[in-house]
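Let me begin by presenting the structure, written as structure tokens, before commenting on it.
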Amino acid sequence: MSTSARKDTQLLTDEFQLLEPLEVLDLQQVFPTQPFETDYEVLDSGVTYYVKRSANTNDKGLIHLTLIVKAGAVCEEENELGVAHIIEHLVLEGYGYSDPDALDYLQAFKHQCGAHQQALTLSDYTIYNFVVTNTVNLKKAIALMAAISQELDFTSDELEKEKRIVSQELWNDSQIIEKKHQLTFSTHLFQGTKYGEPVGATIKSIKDVSVDIVKGFYTKWYVPSNMAVIVVGDITETQNIIDLIKTYFERQPRGMPQHLEFPLPKHTEPRLIAHVDSALVKWRMSVVYVTFMFEKEGWKCVNDVFINIQRMLLQKVILGRLKKRFSSMSKPKQLQYSRDDSHMYTIYVVSVECEGYETNKVLETFLVEIARMRVHGIKENELSEGKDFCLCIPKGRYLNHHDRSSEQLRRTYTSHFVYNEADFSPKLEAQLMIALTKRINMELIKNFCEMQFAASNLSVIIFQSKTFVTQEEMKRSLQKITDFEKEGSFPSWSDEEMEGLTNLIQEMEIESGKIVERLEHFDIGAVELILSNGMQVTYQCTKNDDKVVLRGFSYGGLSEVTETDILSCSYSSVIGQIIWLYSSKNLPMIRDKVNFAIEVDEYKRAFCVNFDSSDIELALQILYLLFTSDLEPEEEEFQALIEDLKIRLSPAHQQPADVLIDTVKEINSGKSCYYKAPVAEDMSNIDATKAWQYFQNCFRDPSSFRVILVGNLDTASVNSLLSRYLGGIPRPHRPIMKFQRGKLTTAPFHFPPTVIKEEVSLAVGSGNGMYTCISFPLRFNNQTLEEDLLLLIILRNLLKVKVTQVLRHEKGIAYNVDVDTFNPNGDWSCSGSKPGTINFNLLIKDNDAAQMAVDAVVHEIEQLKEVGPSQNLVQHVLDRRPSLEEEERNTSLMNQMLQAYGSNLYAGNIDQSYKILRDMNRRAWDLFNADVAKSTLKRMLPYPCQEQHTIVNLRC
């Protein structure tokens, strides 16, 4: 944070402390409709505009424009399902547009392919977002928004082309497990309303959509009174922008305003739904969702704020109680919480993933605690802590309000336009929140509990991999708890009963280590330590509020294992983590606060941990346990684990994208046993005991590991914590798996010398689509490796944009294109040329289009190598250069640190390799142009590409 920014924050903090209290509160007082300190107007045509300058440093040099149209999926009639989504595609193809500025900017927008720019169809509205860097493009973007709002005209052939693209997108979404999960959840939750129907409808429903139907929907809903224009960002002169908006939008015909309302589904008892789908839930697992749904109040009057504060307080209490209850179970559960807002509803969702056999126990735990709140309300100490929590919020909101980013402003204005939510003075908001929070007492919150946790607001939805609980059993559980509630059998909540369960930090007898060497690198803000057990630790202190990032690694992995043992040892990460995770009662619950993962690959053993700075002791305890746990599982446990893995790896439980990645890696390596794709049949040949022993050896000797931390660390305590937990890991008498970085065994990886095509099928697939990966070999050389890897990041963006343009916008055969690279030797030093691959991953709905897509990708790469990219394409890639703020985020700083340690340039001086790579990266961006792209592609890729590549088609 700059000195001036710190001064501004201090001034605002002082202002906040001096806010006078509100003596009189009128709960029915209505807030002003004018957004706070914003140029706002409803034009005679009916179009609304919002214009505001953002002083946020992330917006420097950027102007964000948004067109909102109140035309979402809920507006569709039965014969119009999917039309709102189709129109979103049609208007961004420019059909029927006559304004040259609009068409010129639209061409640039297509180059963006989602970079900062996006168009999205939601239930309540459709939104079009654009970002520009100069006034010329600002005018063009406003011209495009005006064209979108009134000029669309298209032929039957043009509609059919976009329907194919939309079908491809819908099929793509149907293959993404998270989206299928969310769609199924929403269908159950909103049953009986338009919100229960999928946004974008289905592939089947859009087949019969005609030109007349689409034009009718566009004419009805794309009217000025349904539209808002938002312009925010680094704006110097707002009046010029307002004049432009008026020029393009003021003379539009007004049209007939449309309004829809969908009342809350009424039910007197909680809705109970048991859904079984092995594709949506991990094997032998369930997910229990408990939702509270309320008609949306928005922030229109003072009472709405009061209701919101009480809900925040109650959500904090119920979540705290549930976490304590679930942490007391034999296998503690991770509790998830979210809030969602639609036009008509506000929804709070609490969910727990659990072992299938514990599904009913988790369900009844939820129901008991909800009933207990209805009967007894909350405790005095919970009210006090909840009020303290709520009183901390106004200050943050007050300080943030004066430095709102463009993204925050866009969200605020969208809520104002679509949901009529007030945007009022930060001073009044802070005063109200403080006064209303102080007004809450035990009697008031008890009455509020009865209202909020009423049966009519509650739904329970359980997703199961197989039937663990039926709907009838859910009803019986509910009836049992309802009877207890009527009898008054529930005791009030007792913190004493739960004492100690939330203290996840364990009491450990550890012989603390010492720091034997400390070296500060002032230029990069890093400190290097060598601990008494030989472990090397580097930490970099930042002021970022994002999570602390910790990474640890040691050289030497599966490439050092014999081919005889490689199959068993390749499963060591999976087997080891499962056994280790459940070795400690608290570990699963700790994962709710500290995210960690462990990996053993061909050349490294590594772990990563992300956590809030206040949880650093928990994170370091996890690492101590990883290195010191001495478990000896029984043979029965190994057998059960192997059987479980067989099921997980069966076609019914495999994710297509994972199967594709693993298959591609195996084929590209020349069928090397070190890159074999995992399959269920492997389990018959796995020695689980050997895999577990290998895992333990991987994380036993601290002297071979380097640990890096980046984040907002307390320098006063970090050294002692590192000494205690990491320095306290015992060093074995003899080195275990101690390998030198430059002397690792190379795992065989030989890209096929010709064209290889492989067809793979998932036995449980529907047969109506395909995942396709086209791979080309990459050639790296030690002398230019660092420069090549940096250039490859830029080139990957360029190739993605170019191929997306061709396959999506020109040919309409692939909606989604992803480009990734694989460099098997990229993290260590070896002599000679280094192999690697660049992979184009496509989702193709029409199986017959796969070869056409392959031919197009090969052709475009050859063209780029021969002719080079256009200047527009190069400029688009340069526009996506990471900002200074992005480079200073903890994850980005960690990546820079890992690259510096893993680089050939590292020779014991991290300060030197870090700065050289940073300068190389800046130079790569500064000097990147069409000639650099052309020459680099020629040097890295085979010539000609059509004679050496692999194709993997995975039929779903």
Side-chain angles (χ1 to χ4, degrees), residues 553-577 597-607 642 645 648-649 654 657-699 704 736-753 756 758 760 773 775-780 782 785 820-839 902 948-950 952:
F553 66 90
S554 179
Y555 290 109
L558 295 171
S559 73
E560 309 299 334
V561 175
T562 64
E563 291 193 15
T564 307
D565 294 336
I566 187 61
L567 183 62
S568 295
C569 292
S570 65
Y571 285 91
S572 61
S573 289
V574 177
I575 291 172
Q577 285 190 81
I598 305 166
E599 182 182 14
V600 179
D601 64 21
E602 290 71 42
Y603 303 109
K604 286 202 317 297
R605 294 152 284 140
F607 47 81
I642 291 296
L645 285 176
R648 291 190 194 190
L649 292 172
Q654 285 271 61
D658 295 336
V659 175
L660 183 71
I661 290 168
D662 292 332
T663 305
V664 166
K665 196 180 292 186
E666 179 178 348
I667 291 169
N668 288 346
S669 71
K671 298 292 184 79
S672 168
C673 64
Y674 290 87
Y675 297 96
K676 184 182 182 302
V679 292
E681 289 75 17
D682 288 343
M683 294 302 105
S684 302
N685 301 312
I686 290 291
D687 185 337
T689 304
K690 183 175 289 184
W692 170 241
Q693 290 171 347
Y694 179 74
F695 177 83
Q696 284 192 302
N697 285 335
C698 283
F699 302 97
S704 68
I736 300 175
M737 296 185 72
K738 189 103 172 181
F739 298 97
Q740 293 185 30
R741 175 173 172 268
K743 297 181 180 180
L744 300 176
T745 303
T746 303
F749 189 96
H750 304 292
F751 195 93
I756 299 291
E758 189 101 3
V760 184
C773 180
S775 301
F776 302 90
L778 288 172
R779 296 186 177 91
F780 301 113
N782 261 7
L785 178 63
D820 64 56
T821 54
F822 176 65
N823 180 17
N825 303 25
D827 291 323
W828 61 282
S829 176
C830 67
S831 60
S833 180
K834 293 194 171 195
T837 64
I838 186 164
N839 312 308
Q948 189 183 15
H949 60 267
T950 63
V952 178

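Proximity of a side-chain donor or acceptor of Ser559 to a complementary backbone N or O of Tyr603 within less than 3.5 Å is not detected. One N or O on the side chain of Arg605 and one on the backbone of Tyr555 form a donor-acceptor pair closer than 3.5 Å. When atom types are taken as modelled, the side chain of Gln577 and the backbone of Ile598 share a donor-acceptor pair closer than 3.5 angstrom. Judged by distance alone, the side chain of Ser672 and the main-chain N or O of Pro748 form a donor-acceptor pair under 3.5 Å.
Taking OG from Ser554 and CZ from Arg741, the interatomic distance works out to 12.5 Å, rounded to the nearest 0.5 Å. In this structure, CD on Gln693 lies 12.0 Å from SG on Cys698, to the nearest 0.5 angstrom. With values rounded to the nearest 0.5 angstrom, Lys671 atom NZ is found 10.0 Å from Lys676 atom NZ. Remark: Asp601 CG to Ser570 OG distance equals 12.0 Å, nearest 0.5 Å.
Taking all atoms of both residues into account, the shortest heavy-atom contact from Leu567 to Asn685 is CD2-CB, 3.8 Å. Closest non-hydrogen pair, Ile838 versus Thr821, comes out as CG1-CG2, 3.9 Å. Here the closest non-hydrogen pair linking Ser775 and Val664 is OG-CG1, 3.6 Å. Closest approach of Tyr571 and Asp682 over heavy atoms only: OH-OD2, 2.8 Å. Summarising the geometry of Val600 relative to Ser573, their closest heavy-atom pair is N-OG, 2.9 Å, with the distance given to 0.1 Å. Between Asp687 and Ser568, the shortest heavy-atom contact is N-OG, 2.9 Å.
Taking the salt bridge (Lys or Arg N to Asp or Glu O under 4.0 Å) definition, one finds that Lys690 meets it with Asp565, sequence neighbours left out. With sequence neighbours excluded, the residues that form a side-chain contact (heavy atoms from CB on, under 4.5 Å) with Pro752 are Ile756, Thr950.
Relative ring orientation between Phe749 and Tyr675 is described as perpendicular, the plane-to-plane angle rising above 60° on a 0-90° scale split at 30° and 60°.
Looking at Gln948 and Pro777, their side chains come closer than 4.5 Å, going by heavy atoms from C-beta outward. At least one side-chain heavy atom of Asn668 sits under 4.5 Å from a side-chain heavy atom of Asn839. When side chains are defined from C-beta on, Val679 does not count as touching Asp662, because their heavy atoms never get closer than 4.5 Å.
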Item to check | Test side-chain contact (heavy atoms from CB on, under 4.5 Å) applied to Phe751 and Thr837, step by step | outcome: CA-CA 8 Å; Phe751 195 93; Thr837 64; 3.7 Å; yes

Checklist entry - What do the steps show when you test Tyr694 against Leu558 for side-chain contact (heavy atoms from CB on, under 4.5 Å), and what is the final call? => result CA-CA 10 Å; Tyr694 179 74; Leu558 295 171; 3.8 Å; yes

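Judged purely by distance below 3.5 Å, without hydrogens or angles, the side chains of Thr745 and Glu560 pair a donor atom with an acceptor atom.
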